[in-house]
Amino acid sequence: PENNLFTLNKLIPKGWYRVAGKRLYIFFETYASFLIQGENIIFSMPLISKKLHTFVEQDNVHTYKTTINHILTHMKYGFVRVGAGIPEVRVADTQFNVEEIEKLVLKSQAQGIEILVTPELSLTGCTCQDLFLQQTLIEEAEVALMKLMDFTRSMDMLVVVGMPVATHSTLLNCSIVLQKGKIVGAVAKTYLQESEKRWFASIEDTGNIKVWICGELVEISKYRIFNTPSCSFAIEIGQDRNASIPPSCKLTQMGADLILNPSAECTLAGKEEYIKRTACAQSERCIAGYVYAGAGFGESSTDLVFGG
């Protein structure tokens with residue numbers, strides 16, 4: 001085509017679509033036009049009258065501007081696109097860590113991902129040990145979360161990040177869910193290893209509590225269902241998965257279609273296959289999707305090694 005500028009009419013089946021970060025549902029099979037100019041694509045589709053089953057006037061169209069990588073991620077048969085992102089980390093360097101998470105968010109958005117989950121304690125690193133007892137680290141983690149909230153202000157994608165949250169004299173290992181620059185909710189870890197009890201408390205010890213995080217009053221809970229237009233999902237943190245009755249059992253009974261497991265399990269001989277087996281077994285038992293995101297490169301290797 002002359003000057004790389006042309007239009008293309010394409011028959012679009014009914015269903016969910018994501019265009020330029022916006023979700024829209026096409027009720028009937030119809031034609032859509034694409035105007036391609038350089039790296040940009042203009043997508044136009046006549047509005048459909050659901051009542052009359054006809055098109056309205058041609059000048060009433062939805063027009064979205066996007067890039068070639070964004071075009072029409074079609075969500076067939078009720079599937080949802082989820083990403084498990086493993087950012088590079090530096091222990092206790094929250095500024096570096098949030099910048100790495102932002103890179104993952106941009107990459108995920110380009111791939112049409114709707115829900116992105118990062119590892120346990122991804123904003124601080126999971127191997128901070130006694131640095132978790134320092135108020136400076138807790139405050140810097142909140143500043144980093146505020147920066148990430150501002151970064152995602154214009155995005156529909158849900159982002160799950162991990163950080164320590166202090167309430168009174170208690171520290172909780174939490175996963176925070178963000179969307180459009182807001183905190184959607186927070187979940188705290190339940191079953192702690194003996195080494196973790198030096199720094200963190202279990203949500204079972206505190207019960208559901210409300211805490212001010214980045215200027216928002218957020219309820220931190222053990223059981224929480226997050227509803228989206230595509231699915232309902234829930235979170236269990238780390239080795240909560242290995243409990244005799246994991247939280248995901250009750251969460252799926254409450255209606256969760258998808259379980260996210262931000263984790264920070266060390267690498268051992270045969271551990272990768274073990275994690276796959278337990279995740280698959282829990283997915284089968286709960287009749288739900290299961291997404292695992294493990295801590296990776298950059299964590300302290302003083303005592304342990306992390307392979308993502």
Side-chain angles (χ1 to χ4, degrees), residues 16-23 66-89 97-123 126 144-145 148-149 151-163 174-187 225-238 241 248 251 256-265 272 275-276 279-280 282-283 288-299 306-308:
W16 281 106
Y17 291 82
R18 176 170 296 280
V19 181
K22 299 179 182 294
R23 286 175 49 78
T66 183
T67 65
I68 292 176
N69 287 334
H70 264 141
I71 187 168
L72 289 180
T73 302
H74 188 193
M75 313 209 9
K76 292 183 178 180
Y77 312 117
F79 284 98
V80 58
R81 181 168 288 189
V82 183
I86 316 298
E88 180 181 348
V89 299
N97 296 340
V98 75
E99 289 174 359
E100 292 300 305
I101 293 172
E102 287 173 355
K103 293 176 184 178
L104 281 180
V105 169
L106 287 177
K107 184 177 179 180
S108 300
Q109 187 187 36
Q111 294 174 349
I113 287 172
E114 287 196 55
I115 305 170
L116 173 67
V117 55
T118 62
E120 183 178 354
L121 297 169
S122 54
L123 281 178
C126 68
L145 181 66
L148 186 61
M149 289 168 64
F151 184 79
T152 60
R153 192 170 300 278
S154 61
M155 299 180 184
D156 290 327
M157 181 171 52
L158 289 142
V159 181
V160 182
V161 294
M163 62 178 286
C174 294
S175 285
I176 312 293
V177 181
L178 306 177
Q179 186 182 43
K180 287 185 174 293
K182 300 288 186 181
I183 298 176
V184 179
V187 175
I225 303 295
F226 299 90
N227 296 307
T228 76
S230 302
C231 70
S232 296
F233 72 91
I235 299 170
E236 64 179 7
I237 302 173
R241 181 188 72 252
S248 52
L251 289 165
D257 306 306
L258 183 67
I259 300 296
L260 308 182
N261 183 215
S263 187
E265 297 183 46
E272 181 180 355
I275 292 173
K276 288 180 180 179
C280 289
Q282 191 62 14
S283 173
Y290 205 95
V291 181
Y292 174 91
F297 179 78
E299 294 285 359
F306 297 84

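Note that the structure is predicted; figures quoted are calculated from it, not measured.
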- Message: Between Ile176 and Val160, is the side chain to side chain contact (heavy atoms under 4.5 Å, CB included) condition met? List the steps.
- Response: CA-CA 6 Å; Ile176 312 293; Val160 182; over 6 Å; no

- Pairwise side-chain contact, Phe297 with Pro87, heavy-atom cut-off 4.5 Å (strictly under): no

- Scanning both residues in full, the closest heavy-atom pair of Pro119 with Pro262 reads C-CB, 3.9 Å

- Message: If we ignore hydrogens and angles and just use 3.5 Å, is the side chain of Asn261 paired with the main-chain N or O of Tyr292 as donor and acceptor?
- Response: no

- Query: Ser248 and Arg241: side chain to side chain contact (heavy atoms under 4.5 Å, CB included), yes or no, with the steps?
  - Reply: CA-CA 7 Å; Ser248 52; Arg241 181 188 72 252; over 6 Å; no

- NZ (Lys107) and CG (Leu116) are apart, to the nearest 0.5 Å, by 11.0 Å

- Message: Using side chain to side chain contact (heavy atoms under 4.5 Å, CB included), reason through Gln179 and Val159 one step at a time and then give a plain yes or no.
- Response: CA-CA 7 Å; Gln179 186 182 43; Val159 181; over 6 Å; no

- Message: If only side-chain N and O atoms count, and only distance matters, is there a donor-acceptor pair under 3.5 Å linking Glu236 with Tyr290?
- Response: yes

- Query: What is the distance from atom OG1 of Thr152 to atom CE of Met157, rounded to the nearest 0.5 Å?
  - Reply: 8.0 Å

- Item | Nearest non-hydrogen partners of Ile235 and Val187, listed with the distance | O-CG1, 3.8 Å

- Query: Is there a side chain to side chain contact (heavy atoms under 4.5 Å, CB included) between Glu88 and Leu104 once you walk through the steps?
  - Reply: CA-CA 10 Å; Glu88 180 181 348; Leu104 281 180; over 6 Å; no

- Message: Between the side chains of Glu99 and Lys103, is the shortest nitrogen-to-carboxylate-oxygen separation below 4.0 Å, so that they form an ion pair?
- Response: no

- Any side-chain donor-acceptor pair under 3.5 Å between Glu120 and Ser175? no

